[in-house]
Protein chains: 2
Amino acid sequence: MISEAEAVVMEVLWRNAPRSAEEILAEVGQAQQWQEGTVKSLLNRLLKKKAVKAERDGRRYLYSPLLAREKYVHQTSKSLLDRLFEGRVAPLVAHFSEQRKLSKKDIAELRQLLEELDDEQP
Amino acid sequence: MISEAEAVVMEVLWRNAPRSAEEILAEVGQAQQWQEGTVKSLLNRLLKKKAVKAERDGRRYLYSPLLAREKYVHQTSKSLLDRLFEGRVAPLVAHFSEQRKLSKKDIAELRQLLEELDDEQP
DNA sequence: AATCATCGATTACGTATGTAAACGGAACGC
DNA sequence: GCGTTCCGTTTACATACGTAATCGATGATT
């Protein structure tokens with residue numbers, strides 16, 4: 001599986017690819033306080049894990065995701081649900097509800113979602 | 001923070017505490033294929049992290065959680081929501097909905113939850 | 001052509017994690 | 001009392017991770 005620091009790089013590539021190491025650094029350097037070498041290492045590990053691919057562009061490489069964000073999000077979320085909420089979504093929502101951590105926006109969106117589910121094939 | 005293997009031990013203690021190392025092993029040994037030493041190490045790391053406490057009981061110790069499951073669940077879930085869903089619950093539910101990964105039971109419980117929210121102080 | 005600048009690749013290193021084995025002291029059985 | 005058993009404590013070791021520095025090749029400069 002792909003680590004947290006690696007996921008930061010992936011997020012950049014998911015937003016916009018292909019990108020060079022330099023461009024990636026430019027986008028995360030501020031927030032992460034990373035050096036060039038750090039990004040290079042992470043990219044190499046991601047290559048080894050087949051999570052990104054690299055295509056030559058003159059003297060450098062441009063990187064693109066191979067792993068889809070959807071897939072990563074799903075794996076990661078499912079793993080958490082399995083470990084903490086018997087693998088289901090509702091108990092997680094219940095947890096945040098009990099902790100009063102559902103925003104108005106959350107609640108509105110959840111209502112909307114459930115309504116849409118009503119409208120689907122019976 | 002507390003690791004995944006450590007969390008397995010915590011789950012045992014959350015279900016029922018205080019427990020001895022031996023009892024913990026008895027409960028997880030099957031599923032995890034762990035040796036005695038593994039459980040001992042994990043317990044020591046948890047002690048160091050102040051996630052459990054130990055009280056002497058004759059020749060051995062009985063361990064109990066110091067970290068509440070609620071707190072652990074919240075930290076872990078919030079971290080995931082922050083990293084993948086802009087910190088909110090609804091987008092996670094939407095993701096599982098799109099992937100057709102909401103069970104009947106999930107949907108029923110979500111409806112129930114939202115109804116209960118209606119009934120609360122205005 | 002010799003030199004310099006730029007990249008990726010290789011190597012480094014401390015900490016965390018998973019998984020144990022070894023050690024050492026106290027309690028128990030004789 | 002003395003060996004044996006039972007625990008916890010200490011030590012071990014491979015892999016992963018975060019974070020870089022360094023090396024080496026390739027292309028640009030003069």
Side-chain angles (χ1 to χ4, degrees), chain A residues 1-13 17-64 66-67 72 75-76 79-80 82-83, chain B residues 1-13 17-64 66-67 72 75-76 79-80 82-83:
Chain A
M1 194 34 45
I2 162 183
S3 85
E4 223 161 296
E6 288 160 5
V8 170
V9 171
M10 292 303 292
E11 289 288 354
V12 174
L13 292 176
R19 306 287 209 101
S20 68
E22 190 187 13
E23 290 168 328
I24 294 169
L25 177 63
E27 193 158 322
V28 300
Q30 235 48 38
Q32 306 293 137
Q33 286 296 117
W34 280 345
Q35 302 304 116
E36 185 89 25
T38 304
V39 173
K40 304 264 181 81
S41 283
L42 293 172
L43 282 169
N44 273 314
R45 289 178 187 170
L46 288 168
L47 280 170
K48 212 158 285 167
K49 295 180 183 184
K50 309 274 191 196
V52 307
K53 71 175 199 282
E55 45 172 337
R56 187 130 237 151
D57 171 50
R59 44 160 63 259
R60 63 191 187 164
Y61 282 108
L62 298 180
Y63 301 88
S64 308
L66 282 180
L67 173 64
Y72 170 70
Q75 283 172 354
T76 310
S79 156
L80 178 120
D82 286 346
R83 284 180 292 115
Chain B
M1 194 31 45
I2 162 183
S3 85
E4 222 162 298
E6 288 159 3
V8 170
V9 171
M10 291 304 292
E11 289 288 355
V12 174
L13 293 177
R19 305 288 210 102
S20 67
E22 190 187 12
E23 290 168 328
I24 295 169
L25 177 63
E27 193 158 322
V28 301
Q30 235 48 39
Q32 306 293 135
Q33 286 295 116
W34 279 346
Q35 301 306 115
E36 184 89 26
T38 304
V39 173
K40 306 261 182 82
S41 284
L42 293 173
L43 281 169
N44 274 314
R45 288 177 188 171
L46 288 168
L47 280 170
K48 212 157 285 167
K49 294 180 184 184
K50 308 275 190 194
V52 308
K53 71 175 198 284
E55 43 172 340
R56 187 130 236 153
D57 170 50
R59 45 158 67 259
R60 63 192 186 166
Y61 281 109
L62 298 181
Y63 301 88
S64 308
L66 282 181
L67 173 64
Y72 170 69
Q75 283 172 354
T76 310
S79 157
L80 178 117
D82 286 345
R83 285 180 291 117

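Note that the structure is predicted; figures quoted are calculated from it, not measured.
- Using a 4.5 Å heavy-atom threshold, the side chains of B/L46 and B/I2 count as touching.
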Got a list of protein N/O to nucleotides 1-6 of chain C N/O distances below 3.5 Å?
from  : atom 1 : to    : atom 2 : distance (Å)
C/dT6 : O4'    : A/R59 : NH1    : 3.4

What does the list of N/O pairs under 3.5 Å between the protein and nucleotides 14-17 of chain C look like, with a distance for each?
from   : atom 1 : to    : atom 2 : distance (Å)
C/dT17 : OP2    : B/K49 : NZ     : 3.0

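- With C/dT10, D/dC7, C/dA20 as the candidates, the nucleotide lying closest to the side chain of B/W34 is C/dA20.
- Both B/R60 and A/Q32 lie close to DNA chain D; mapped to their nearest nucleotides by heavy-atom distance, the more 5′-ward contact belongs to B/R60.
- Side-chain contact check for A/W34 versus A/V8: some heavy-atom pair is nearer than 4.5 Å.
- Closest approach of B/A17 and B/S64 over heavy atoms only: CB-CA, 4.0 Å.
- Nucleotide D/dG27 holds its P atom 8 Å from the CZ atom of A/R56, rounded to whole Å.
- Side-chain contact between A/V39 and A/L43 is present, with heavy atoms from C-beta onward closer than 4.5 Å.
- Here D/dG8 presents its C1' atom at 16 Å from CD of B/E23, a figure rounded to the nearest Å.
- For residues 49-61 of chain B, the pairs satisfying side-chain hydrogen bond (donor to acceptor under 3.5 Å, both in side chains) are B/E6-B/K49, B/R56-B/Y61, B/D57-B/R60, with sequence neighbours left out.
- In this structure, B/A21 and B/K40 approach most closely via the heavy-atom pair CB-CE, 4.4 Å.
- Smallest separation of non-hydrogen atoms from B/S20 and B/L62: N-CD2, 3.7 Å.
- Comparing B/G58 and A/Y63 against DNA chain C, the residue whose closest nucleotide sits nearer the 5' end is A/Y63.
- What separates CD of A/E36 from C1' of D/dG18 is a distance of 17 Å, to the nearest Å.
- What separates CZ of B/R19 from P of D/dC7 is a distance of 16 Å, to the nearest Å.
- Residue B/D57 contributes atom CG, which lies 13 Å from atom P of C/dA27 at whole-angstrom precision.
- What separates CG of B/L43 from C1' of C/dG18 is a distance of 14 Å, to the nearest Å.
- Neither OP1 nor OP2 of C/dG18 sits under 4.0 Å from any side-chain N or O of B/T38.
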Between the protein and nucleotides 21-24 of chain D, list every N/O to N/O distance that falls short of 3.5 Å.
none

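- When each of A/V9, A/I24, A/V52 is paired with A/L42, the side-chain contact (heavy atoms from CB on, under 4.5 Å) condition holds for A/V9 and for no other.
- The overall bend of the helix from C/dA1-D/dT30 to C/dC30-D/dG1, read as the angle between its terminal helix axes built from five base pairs each, is 20° when rounded to 10 degrees.
- Distance, A/E55 CD to C/dG8 P: 13 Å, rounded to whole Å.
- More than 12 heavy-atom neighbours from other residues, nucleotides or ligands sit within 6.0 angstrom of CD on B/Q32.
- Between the CG atom of A/N44 and the C1' atom of C/dA12 there is a distance of 15 Å, rounded to whole Å.
- Of all heavy-atom pairs between A/M10 and A/A51, the closest is CE-O, 3.4 Å.
- Residues satisfying the salt bridge (Lys or Arg N to Asp or Glu O under 4.0 Å) criterion with B/R45, sequence neighbours excluded, are absent altogether.
- Across every non-hydrogen atom of A/Y63 and A/L47, the tightest pair is CE2-CD1, 4.0 Å.
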